[in-house]
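Here the structure is a predicted model, which is why all the values come from computation and not from measurement. Numbers restart at 1 for each chain; the letters A, B, ... are given by sequence-line order, proteins then strands.
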Amino acid sequence: MIDLRTLRDDPDRLRASQRARGEDDSIVDALLSLDERRRAALTSFESLRAEQKSIGKSVSRASGDERQALLDRAKDLAAQVKAAEAASEQLGGELDELIMTVPNIVEEGAPHGGEDDYVVLEEVGTPRAFDFTPRDHLELGERLGAIDMERGAKVSGSRFFFLRGVGARLQLGLLNMAMQQAIEAGFTPMITPVLVKPESMQGTGFTIAHDSEIYQLPEDDLYLVGTSEVPLAAYHADEILDQSSLPSRYAGWSSCFRREAGSYGKDTRGIIRVHQFDKVEMFSFCHPEESAEEHRRLLAWEKEMLDKVELPYRVIDTAAGDLGMSAARKFDCEAWIPSQGRYRELTSTSNCTQFQSRRLKVRYRDDEGRPQHVATLNGTLATTRWIVAILENHQQADGSVVVPKALRPFVGLDVLEPLK
RNA sequence: GGAGGUUUCGCCUAGUCCGGUCUAUGGCGCCGCACUGCUAAUGCGGUUUGGGUCUUAAGCCCAUCCGGGGUUCAAAUCCCCGAACCUCCGCCA
């Protein structure tokens, strides 16, 4: 949620941000006008209410005719107060509803435009030159007995799979290595709920009503998370944190669930795009003034992981139109996928500034003792999708796969060998 | 799934039976000041959160006693619905 005060003081900032995203900036005027009308209604309600209270008090002191006269007047006022309150609540509700649809204000420096207008910040490593025709991750995974899509489909439907044998070991090793790195960096490891209440989902910036990506359990009014960012963001909801505890960093391990509605025909092969996968996610609550630095730190930890698994990748600065609801800035790391001859996203780190904390009411006390909203950031340390890049980039002509050195102690194998 | 209990401004707590004097009591903690060789102790004052008004500040005002709704001129207090926690019973991994 954006800040109403900032909006009043500097509406042009939001206008510029909306244009950078390629979205309608007329919403700014709608917000300003609604805000003004709501404040007028609120003031009128409050002064009526003040009068009602003071008359109410004198009722208890008066007696006889005087009391009756006051009672009549109070009755009349009570009706007026009720009407004024309803009017103010009506406008307040409209304003809340509207402001909840406004995406975060884009950070200065983020590229303008849509999906294809990203800026490549860095390329690390070079795609390997194969002296044989590289197999894709599914063929490798099947030969290794690591990935079973067919039975995934039999048991649960399309875009579901089993990781088995060395596949299961590879994922466990990878995610454990991510956890290990996070712990060494001072993160608190977390295993989170994957079903959350609507307010946790919405507080994090997902719109339950319109987001067809979310699995819903209407019977229980619970929602399956697409990332542990959701439970981690909501973890400190309605709390005022001690300023000295910032930045407060958590590493969450969870399964993630995505309906992938509207992506029919896209990435249908293998485990690139699936309904359920596992992920280790970094999450940081930090001082708003430090969020840009913290964002760079999260990016550095992502790169450290990518270096450990010895993958060629590039870092992109996502364009404003592709940031989503909550992010003010987003950096993705994309690894080279030999079978596709292109880079695919393996990590994504977002600076959500105070957007989520304002919705979730996560605050800290500033030096004057006043509560202020913290900044929240998130970033990927490892996911199931990494297996795709690891298998393909480290494959050998015979279909075996060399486990990156840093990963070996976690997987317990140096080379993954095809089944006989 | 059923029965009962609990929920008050950081923590603990009074108030709820019997509506107005609750502008919510007291203790702890915290902050400031005073006193004091130092520390401690003591005394005094402050200390929920959000919002409106206001150039700023002060001040004033509104809301806030788990959440929502209702009764009433008036609700922490009465009624209804819900949530969380605790105890017991049932059922099931």
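Note on ring orientation: taking the six-membered ring where Trp is involved, the planes of A/Tyr235 and A/Tyr250 are perpendicular (angle over 60°, cut-offs 30° and 60°).
Nucleotide B/C73 holds its P atom 15 Å from the CD atom of A/Gln80, rounded to whole Å. Counting to the nearest Å, the C1' atom of B/C30 and the CZ atom of A/Arg370 are 18 Å from each other. Following rounding to the nearest Å, A/Lys75 (NZ) and B/A74 (P) show an atom-to-atom distance of 10 Å. The distance from atom CG of A/Asp242 to atom C1' of B/G10 is 11 Å, rounded to the nearest whole Å. Going from atom CD of A/Glu36 over to atom P of B/G52 covers 13 Å, rounded to whole Å. Remark: P of B/U53 and CZ of A/Arg8 are 7 Å apart, rounded to the nearest angstrom. As a whole-Å value, the separation of A/Leu241 CG from B/G10 C1' is 13 Å.
Counting non-hydrogen atoms of neighbouring residues, nucleotides and ligands closer than 6.0 angstrom, the CZ atom of A/Arg408 exceeds 12 such neighbours. Annotation: A/Gln340, atom CD; neighbour count of heavy atoms from other residues, nucleotides and ligands within 6.0 Å is above 12.
When each of A/Glu89 and A/Pro371 is assigned the nucleotide of RNA chain B bearing its nearest heavy atom, the one mapping closer to the 5' terminus is A/Pro371.
Look at A/Arg5 and you'll find a side-chain N or O under 4.0 angstrom from OP1 or OP2 of B/G52. Within the structure, every side-chain polar atom (N or O) of A/Gln52 is placed at least 4.0 Å from both OP1 and OP2 of B/C73.
Looking at heavy atoms from C-beta onward, A/Leu407 lies in side-chain contact with A/Ile390 at the 4.5 angstrom threshold.
The closest donor-acceptor contact from the side chain of A/Glu392 to the backbone of A/Ser339 lies under 3.5 Å.
Rounded to whole Å, the C1' atom of B/A14 lies 45 Å from the corresponding atom of B/A93.
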Expected rows: protein N/O vs nucleotides 59-68 of chain B N/O, under 3.5 Å:
unit_1, atom_1, unit_2, atom_2, d
B/A63, OP1, A/Arg49, NE, 2.3
B/A63, OP1, A/Arg49, NH2, 2.9
B/A63, OP2, A/Lys53, NZ, 2.7

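Residues from residues 356-365 of chain A that place a heavy atom under 4.0 Å from any atom of RNA chain B, listed by number: A/Arg363, A/Arg365.
Side chain of A/Arg39, nearest nucleotide from B/U53, B/C73, B/G50: B/U53.
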List the atom pairs, with distances to 0.1 Å, where a side-chain N or O of residues 8-18 of chain A and a protein N or O form a donor-acceptor pair under 3.5 Å, not counting sequence neighbours.
unit_1, atom_1, unit_2, atom_2, d
A/Arg8, NE, A/Asp35, OD2, 2.7
A/Arg8, NH2, A/Asp35, OD1, 3.3
A/Asp12, OD1, A/Arg15, NH1, 2.7
A/Arg15, NH2, A/Asp29, OD1, 2.9
A/Ser17, OG, A/Val106, N, 3.0
A/Gln18, NE2, A/Asp24, O, 3.0

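In summary, of the residues considered (A/Lys330, A/Arg296, A/Arg329), a salt bridge (charged side-chain N to carboxylate O under 4.0 Å, His left out) with A/Asp317 occurs for A/Arg329 alone.
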